[in-house]
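A short worksheet on the structure shown next.
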Amino acid sequence: AQKITQTQPGMFVQEKEAVTLDCTYDTSDQSYGLFWYKQPSSGEMIFLIYQGSYDEQNATEGRYSLNFQKARKSANLVISASQLGDSAMYFCAMRVHETSYDKVIFGPGTSLSVIP
Amino acid sequence: DAGITQSPRYKITETGRQVTLMCHQTWSHSYMFWYRQDLGHGLRLIYYSAAADITDKGEVPDGYVVSRSKTENFPLTLESATRSQTSVYFCASTFRDRDTGELFFGEGSRLTVL
């Protein structure tokens with residue numbers, strides 16, 4: 001069965017430091033996609049980054065990078081130079097094929113707090 | 001305006017009543033999804049749809065019904081609301097092509113069942 005695991009319920013990071021949020025996934029599909037979303041206290045879901053399973057290069061978007069280790073089935077999010085505005089919930093998600101169609105499932109999330 | 005919209009944004013209802021949450025997108029995305037968000041559980045998939053008239057159950061479908069007669073609309077109905085269905089509900093949509101990436105979210109509908 002497909003599953004996303006985020007083992008860090010809460011994380012703290014000093015402002016301007018880098019932080020890694022862990023995500024492991026389980027799927028038997030050969031072709032899948034991995035996402036990270038940010039949810040600030042205001043509640044909206046903000047797309048951060050996407051990695052396809054066949055992409056050889058790790059995805060990067062500004063201060064966000066996805067450390068994709070296919071053999072270990074991990075897709076960790078790295079945020080460089082943390083800012084106070086990075087304080088939020090972060091969700092890892094996976095798009096997989098289910099019977100005839102795709103579905104997208106999410107992990108339980110990690111709450112990140114950036115300390116001044 | 002283009003985008004994905006949910007209505008109502010806030011709803012209070014009573015146990016046993018039927019409630020429908022609406023989701024409308026203007027991009028002609030093939031895929032649409034309904035999630036519920038509860039503390040400690042992240043977003044759990046209720047139902048999803050690959051195209052008009054194609055729907056399937058997600059992780060937590062019990063107590064919910066969906067339909068998709070038109071590509072742009074994906075309503076979620078609670079036929080007889082229960083207190084355990086108090087939650088924030090998110091609708092999302094995306095393209096058929098897996099490698100296009102982003103899942104686009106609505107603003108969420110906060111439902112309280114008394």
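Below, chain A is the first sequence line, B the second, and so on; all start at residue 1.
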With a 4.5 angstrom heavy-atom cut-off, is it the side chain or the backbone of [X] that approaches chain A, or both, or neither?
{"X": "B:Ser30", "value": "neither"}
{"X": "B:Leu45", "value": "side chain"}
{"X": "B:Arg110", "value": "neither"}

Which atoms of [X] are under 4.5 Å from chain B, going by heavy atoms: the side chain, the backbone, both sets, or neither?
{"X": "A:Tyr37", "value": "side chain"}
{"X": "A:Phe91", "value": "side chain"}
{"X": "A:Phe106", "value": "both"}
{"X": "A:Gln39", "value": "side chain"}

**Request:** Identify the two heavy atoms, one from A:Ser53 and one from A:Ser31, that lie closest to each other, and give their separation to 0.1 Å.
**Result:**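 The answer is OG-CA, 3.3 Å.
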**Item:** Shortest non-hydrogen contact from A:Met11 toward A:Thr20
**Value:**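 That would be CE-O, 3.6 Å.
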**Message:** Please identify which of these residues, A:Arg63, A:Lys38, A:Glu17, meets the side chain to side chain contact (heavy atoms under 4.5 Å, CB included) condition with A:Ile79.
**Reply:**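 It is A:Arg63, the one option of A:Arg63, A:Lys38, A:Glu17 that forms the side chain to side chain contact (heavy atoms under 4.5 Å, CB included) with A:Ile79.
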Any idea which of [options] has the most non-hydrogen atom pairs under 4.5 angstrom with chain B?
{"options": "A:His97, A:Arg95, A:Met45, A:Gln51", "answer": "A:Arg95"}
{"options": "A:Pro108, A:Gly52, A:Gly43", "answer": "A:Pro108"}
{"options": "A:Gln6, A:Lys103, A:Glu44", "answer": "A:Lys103"}

**Request:** Give a yes-or-no answer on whether the side chains of B:Thr20 and B:Thr77 include a donor-acceptor pair shorter than 3.5 Å.
**Result:**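 Side chains of B:Thr20 and B:Thr77: pair found under 3.5 Å.
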**Item:** From A:Trp36, A:Phe35, A:Tyr32, residue fulfilling ring-ring contact (aromatic ring centres under 6.0 Å, His included) relative to A:Tyr50
**Value:**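 Of the listed options, the one satisfying the test is A:Phe35.
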**Request:** Please check if the distance between the ring centroids of B:Phe104 and B:Trp27 is under 6.0 Å.
**Result:**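 Yes - the distance between ring centres of B:Phe104 and B:Trp27 falls below the 6.0 Å cut-off.
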**Under 3.5 Å donor-acceptor, B:Gln37 side chain and B:Phe90 backbone** =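 No; zero donor-acceptor contacts below 3.5 Å.
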